[in-house]
Structure formats: structure tokens, C-alpha cells
Undergrad: 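Would you mind keeping the following structure in view while I ask a few things?
Just so you know, residue 1 is the first one in the sequence shown, and it goes up from there. In this text, all values refer to a predicted model and were calculated from it rather than measured experimentally. What you see below is based on every heavy atom in this structure, not just the backbone, and it leaves out hydrogens, waters and symmetry mates.
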Amino acid sequence: MKKKLIIPVLASTLIGGAVVGNGVFTTAFASNNAPTTTQAEDQKDDDNIVELQAKAKLTLDEAQVIALNKVAGTVNESELEDEDGVVVYGFEIQTASGDINDVKVNAINGEIVKVENDANDDENGTEESEENDGEENDDNIAELQAKAKLTSDEAQTIALKEEPGTVNKSELEDEDGVVVYGFEIQTTNGVQDVKIDAATGKVVKVEADNEDEGQEGNE
């Protein structure tokens, strides 16, 4: 079970919407060489990431320092995203008390855009089933953190040695029973997903994000 708050699937929240309606039928009758709907969405995602990176003045590490100065704790997930027209780095931070906070840092000037406690967010209008899901996810994150021997920064260093580039998103997750740090890295060859064993530092998986999603879309 993966904890997904900011990014249910890597590279999924940066661009919304999908081609629907007549586009579905058009794809059905297109030639085999024509791009699928999934491939078109992947390209939009990649283009959007590049656009956000071009606007960002701060690196992920610089923004993370600012976020942790605001809310001390452990970063579970992070991503570069558009927040109401503002390019921000979003961080999910778990405090020593176990609270989960979403912290948004302006990627241009370093200002704190938003600090939101997930528990308070649940109390302000989510349904009971959603609250229970949130509690289970928080418990799962705490369990993963207990098993992890490396910090997010240590794992990121390993990931960037394997695939040099810019980290767009990261998360602590369960990969087939192995606790890993997952990184989405924008490289000169496109977006790469890199998984690092959180206990040993071993590179568990490296794959092109677009190829992986393209294969899933064709299944």
C-alpha cells in the first residue's frame, strides 16, 4: 500500500484533464502508428514539468530547507507543481508528533505559500471513510519510516548519481514488499523513475517514465 497525498502516481498531478468524448472514438479508428491518448497525456505532463522547471528559481533542496524551517519534521513526499498560477514546491512533512502537514514554497522567491495540516483538512468537510483512509495512510507512512535506514537526502544523492538531472517529485513507498524512496528525475533523456532501497541504498529500479506509462496504457 502506497501513501499518496500530493502525487497519487508520479507525474500525475502536474497537469489535469484527459481527452474524452469524440477523441476516444477517433483514437479507436486511428492507425497503429498514431499516438494513443495516454501517450498524448504523457507528453503534456513532460512539457508541463519542463515549463515549471524553467520558471523555478530555487532548487528542490533549497525549497526543502525553507519548508523544514517552517515545519520541522521528515519529508515524505515532494513535487514541483502549479498552485493557482504560482509555481511551487509542495512538501508533505510528518512532524515528531505524527501530524502530517502540506507545505507549499514559492519556487521563485522562496515565500511560504501555504501550510495545511491534513488532520484539520479532514475535520473540515471530508467524509468519515476518507478520514479513515487518511489515518491508515498516516500509519503506513510511520511504518515505512521506521523501516527506512536512509534519509530522503541520502537516497536522493544515490538516485542522482544513477540518473543525473533535476528531481521533480519524491516519496517513501512500498515497492513489492521493499521500502523504497521513489524519485522522478528530469534528465536530458526525459523523465526517469528511480527507486532506492531505503534500508540498503541499493538502486532497485530505473525506468523511463513515459515508456512505463505507455506500456500500462497498452495493456
Side-chain angles (χ1 to χ4, degrees), residues 1-15 42 45-46 48-49 52-53 59-61 63-65 67-68 71 73-83 88-95 98-105 107 114 116-118 121 133-160 162-163 165-187 191-210 212-213 216:
M1 176 179 173
K2 297 183 178 181
K3 163 65 179 172
K4 304 289 184 181
L5 178 64
I6 303 176
I7 45 174
V9 178
L10 292 180
S12 66
T13 60
L14 293 181
I15 184 77
D42 293 343
D45 286 343
D46 292 345
N48 187 60
I49 291 172
L52 293 177
Q53 287 178 334
T59 65
L60 178 66
D61 288 341
Q64 180 170 305
V65 170
L68 289 174
V71 178
T74 302
V75 174
N76 294 330
E77 298 177 6
S78 62
E79 71 169 337
L80 182 63
E81 59 185 329
D82 185 301
E83 177 80 10
V88 303
Y89 286 103
F91 298 94
E92 180 191 277
I93 300 176
Q94 184 163 3
T95 66
D99 289 341
I100 302 294
N101 291 270
D102 290 334
V103 182
K104 310 285 189 181
V105 178
K114 180 187 296 185
E116 188 172 71
N117 185 288
D118 280 1
D121 187 44
D133 287 343
E135 292 174 359
E136 291 178 1
N137 287 335
D138 291 348
D139 291 341
N140 186 57
I141 284 293
E143 182 180 348
L144 295 178
Q145 288 178 334
K147 295 178 179 179
K149 304 300 182 184
L150 278 68
T151 65
S152 177
D153 288 343
E154 291 170 338
Q156 180 174 306
T157 298
I158 297 171
L160 288 175
E162 183 72 21
E163 288 290 340
T166 302
V167 175
N168 295 328
K169 303 174 185 175
S170 67
E171 68 174 337
L172 184 63
E173 58 186 328
D174 185 300
E175 179 79 12
D176 299 328
V178 179
V179 180
V180 303
Y181 286 101
F183 298 93
E184 179 192 278
I185 302 175
Q186 181 72 46
T187 72
V191 178
Q192 302 287 326
D193 288 335
V194 182
K195 310 286 189 182
I196 305 297
D197 189 313
T200 66
K202 179 181 177 181
V203 178
V204 176
K205 182 186 294 185
V206 178
E207 61 186 8
D209 185 61
N210 57 347
D212 181 51
E213 292 180 356
E216 291 178 1

Undergrad: Could you measure the distance from the CG atom of L52 to the CG atom of N168? Nearest 0.5 Å is fine.
TA: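 Answer for the CG-CG pair, L52 versus N168, is 8.5 Å.
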Undergrad: Rounded to the nearest 0.5 Å, how far apart are OG1 of T187 and CD1 of I185?
TA: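 These two atoms lie 8.0 Å from each other.
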Undergrad: Report yes or no: does Y181 contribute a side-chain atom to a donor-acceptor pair with the main-chain N or O of L150 at less than 3.5 Å?
TA: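 Looks like yes, one N/O pair under 3.5 Å.
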Undergrad: With sequence neighbours excluded, what pairs up with T95 under the side-chain hydrogen bond (donor to acceptor under 3.5 Å, both in side chains) test?
TA: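 Applying side-chain hydrogen bond (donor to acceptor under 3.5 Å, both in side chains) to T95 gives S97.
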Undergrad: How close do A67 and F91 get, counting heavy atoms only, and between which atoms?
TA: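 So the two residues come closest at CB-CD1, 3.6 Å.
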Undergrad: Just how far is it from atom CD of E184 to atom CD of E163, taken to the nearest 0.5 Å?
TA: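 Interatomic distance, E184 CD to E163 CD, rounded to 0.5 Å: 12.5 Å.
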Undergrad: Kindly write out the residues that satisfy side chain to side chain contact (heavy atoms under 4.5 Å, CB included) with E162, not counting sequence neighbours, or none if the list is empty.
TA: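 Checked E162 against side chain to side chain contact (heavy atoms under 4.5 Å, CB included); matches are V203, V206.
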Undergrad: Atom CD of Q186 and atom CD1 of I49: how far apart are they, to the nearest 0.5 Å?
TA: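 The CD atom of Q186 sits 6.0 Å away from the CD1 atom of I49.
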Undergrad: Considering the options E207, E171, E173, which one meets the salt bridge (charged side-chain N to carboxylate O under 4.0 Å, His left out) requirement together with K195?
TA: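 Only one of E207, E171, E173 forms a salt bridge (charged side-chain N to carboxylate O under 4.0 Å, His left out) with K195, namely E173.
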Undergrad: Under the side-chain contact (heavy atoms from CB on, under 4.5 Å) criterion, do V180 and K205 qualify, and how do the steps go?
TA: CA-CA 10 Å; V180 303; K205 182 186 294 185; over 6 Å; no
Undergrad: If you measure from CD1 on I196 to OG1 on T157, what distance do you get to the nearest 0.5 Å?
TA: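 Output value for this atom pair is 10.0 Å.
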Undergrad: Quick one: salt bridge (charged side-chain N to carboxylate O under 4.0 Å, His left out) partners of K147, sequence neighbours excluded?
TA: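 For K147, the residues satisfying salt bridge (charged side-chain N to carboxylate O under 4.0 Å, His left out) (neighbours in sequence not counted) are E143.
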Undergrad: Go through the structure and list residues passing side chain to side chain contact (heavy atoms under 4.5 Å, CB included) with T200, not counting sequence neighbours.
TA: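 Expected list: D197, K202.
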Undergrad: Going through the distances and angles, do L60 and L80 end up as a side-chain contact (heavy atoms from CB on, under 4.5 Å)?
TA: CA-CA 8 Å; L60 178 66; L80 182 63; over 6 Å; no
Undergrad: Which residues pass the salt bridge (charged side-chain N to carboxylate O under 4.0 Å, His left out) test with K114, not counting sequence neighbours?
TA: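 With sequence neighbours excluded, K114 shows a salt bridge (charged side-chain N to carboxylate O under 4.0 Å, His left out) to E83, given in chain and number order.
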Undergrad: Once side chain to side chain contact (heavy atoms under 4.5 Å, CB included) is applied, do any residues pair with Q145, and if so which ones, sequence neighbours excluded?
TA: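 By the side chain to side chain contact (heavy atoms under 4.5 Å, CB included) rule, Q145 matches T74, N76, Q94, I141, L172.
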Undergrad: So, for S152 and V75, which heavy atoms are closest and what is the spacing to 0.1 Å?
TA: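 Scanning both residues completely, I find the closest heavy atoms to be CB-O, 4.3 Å.
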